[in-house]
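Each remark here refers to the structure printed beneath this line.
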Amino acid sequence: MWHLLTFLSLPNWLLAVIVLLAAIVVTYIFRLFSPRMRHGREGERKVRQLLDGMANKANIPLHDLLLPTAGGHTTQIDHLLISQRGIFVIETKSHYGTITGDPQNRNWRQQATTYTQDFYNPLMQNASHIRHLRNLLRRLPAEWFISVVVFTDAESLKISRGGDGVVVLLSDLSDKLKQYPRIIERKQLSEIAGTVRKANFRNPLKRIKHVFHAQRTAKQSNNNK
């Protein structure tokens with residue numbers, strides 16, 4: 001009872017801030033455990049497991065990175081494989097069915113037996129991630145950064161050729177990564193990984209803020225179509 005009275009005696013503005021923060025946290029937790037989010041996290045878990053199986057002195061996998069942008073916001077990268085063959089920036093998608101798209105088009109299409117939807121071109125999404133990552137690792141050559149989009153649950157891909165980056169099914173990911181020639185000296189890998197780890201935000205509130213900013217930006221983008 002005493003704690004409740006103490007809480008109610010706080011200034012109105014402070015009570016409003018506390019209530020707002022509590023509402024944001026509850027909403028975030030609710031969305032985090034929604035079926036769609038759980039399915040997405042399962043796809044990321046599959047890719048994480050594959051990349052961790054490749055880990056050695058020549059391959060350093062990092063996951064779920066939240067990095068700063070030049071504009072004072074953050075960008076979230078699903079997976080990063082820092083390898084002698086390149087710095088692979090990997091965006092994971094758990095869409096099922098057949099995926100159709102063109103690297104130059106803003107929207108791609110997911111087609112399943114009873115379900116069809118358009119979604120934002122993940123190569124364009126990943127290009128933004130790479131731009132911010134290159135700003136963090138600005139001394140490294142642009143050709144070292146390789147965009148990879150992996151669909152963990154799709155049955156087939158019908159993606160037009162052209163553009164930067166590669167789009168693969170999960171079953172083809174390992175072989176595709178191994179096709180690239182070695183371009184980075186092994187001794188540089190740990191330094192690159194250390195820079196990324198140091199910049200990675202682990203603060204839960206920072207991550208919640210990122211989710212809401214990303215959702216607000218996506219909503220504004222849809223309204224401006």
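Counting begins at 1 with the first residue of the sequence.
Atom OG of Ser147 and atom CG of Leu133 lie 11.5 Å apart (nearest 0.5 Å). Taken from CD1 in Ile60 to CZ in Arg197, the straight-line distance is 6.0 Å, to the nearest 0.5 Å. Interatomic distance, CD1 of Ile87 versus CD1 of Ile192, reported as 4.5 Å (0.5 Å rounding). Rounding to the nearest 0.5 Å gives a distance of 3.5 Å between NE2 of His63 and CG of Asp52. Note that the CD1 atom of Ile82 and the OG1 atom of Thr195 stand 8.5 Å from one another [nearest 0.5 Å]. For the atom pair Ile90 CD1 and Leu62 CG, the distance stands at 10.5 Å (nearest 0.5 Å).
For residues 84-95, the salt bridge (Lys or Arg N to Asp or Glu O under 4.0 Å) pairs, not counting sequence neighbours, are Glu91-Lys93. Listed by first and then second residue, the ring-ring contact (aromatic ring centres under 6.0 Å, His included) pairs involving residues 99-120 are His95-Phe119 (not counting sequence neighbours). Sorted by first then second residue, the salt bridge (Lys or Arg N to Asp or Glu O under 4.0 Å) pairs that include residues 170-185, not counting sequence neighbours, are Glu185-Lys187.
Val167 has its side chain out of reach of Ile99: every pair of non-hydrogen atoms, C-beta onward, lies at least 4.5 Å apart. Residues Leu66 and Gln76 meet the side-chain proximity criterion, which asks for heavy atoms closer than 4.5 Å.
Residues Ala154 and Phe151 share a closest heavy-atom pair of CB-CB, 3.9 Å. Nearest heavy-atom pair, Leu123 versus Pro103, reported as atom, atom and distance to 0.1 Å: CD1-CB, 4.1 Å. Taking every heavy atom of both residues into account, Thr75 and His129 meet most closely at OG1-CD2, 3.0 Å. What you find for Ser83 and Asn59 is that their closest heavy atoms are OG-OD1, 3.0 Å.
Side-chain atoms of Asn126 come within 3.5 Å of backbone N or O of Val89 as a donor-acceptor pair. Of the possible donor and acceptor atoms, none in the side chain of Asp153 sits under 3.5 Å from a partner among the backbone N and O of Tyr96. Not a single donor-acceptor pair under 3.5 Å links the side chain of His132 to the backbone N or O of Pro68.
Of the options Val148, Val150, Val149, a side-chain contact (heavy atoms from CB on, under 4.5 Å) to Thr92 is made by Val150 and by none of the others.
Judged as a side chain to side chain contact (heavy atoms under 4.5 Å, CB included), and not counting sequence neighbours, the contacts of Ala58 are Asn56, Gln84, Arg186.
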For residues 135-146, run the donor-acceptor check on the side chains, cut-off 3.5 Å, and write out each pair with its distance to 0.1 Å, sequence neighbours left out.
| from | atom 1 | to | atom 2 | distance (Å) |
| --- | --- | --- | --- | --- |
| Asn135 | OD1 | Arg138 | NH2 | 3.1 |
| Arg138 | NE | Asn135 | O | 3.0 |
| Arg138 | NH2 | Asn135 | O | 3.2 |

Could you pull out all donor-acceptor pairs under 3.5 Å where a side-chain atom in residues 155-165 meets a protein atom, sequence neighbours excluded?
| from | atom 1 | to | atom 2 | distance (Å) |
| --- | --- | --- | --- | --- |
| Ser156 | OG | Thr98 | OG1 | 3.0 |

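Under the 4.5 Å side-chain heavy-atom criterion for ILVMFWY residues, a single connected hydrophobic cluster contains both Met54 and Phe88. Under the 4.5 Å side-chain heavy-atom criterion for Ile, Leu, Val, Met, Phe, Trp and Tyr, Val166 and Leu177 are members of the same hydrophobic cluster. Under the 4.5 Å side-chain contact rule for hydrophobic residues, Ile130 and Leu80 share a cluster. If you chain together hydrophobic residues whose side chains sit under 4.5 Å apart, Leu65 and Leu189 fall into the same group. Both Leu173 and Tyr180 sit in one connected hydrophobic cluster of ILVMFWY residues. Membership requires side-chain heavy atoms under 4.5 Å apart, directly or through other members.
Annotation for Gln49: atom CD does not count as buried by contact number, only 12 or fewer foreign heavy atoms lying within 6.0 Å.
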### Task
Given salt bridge (Lys or Arg N to Asp or Glu O under 4.0 Å), test Arg48 with Asp64 step by step and report yes or no.
CA-CA 9 Å; Arg48 175 194 290 259; Asp64 191 21; 5.6 Å; no
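Residues Glu42 and Arg45 are paired through a salt bridge, judged by an N-O separation under 4.0 Å between the basic side chain and the carboxylate.
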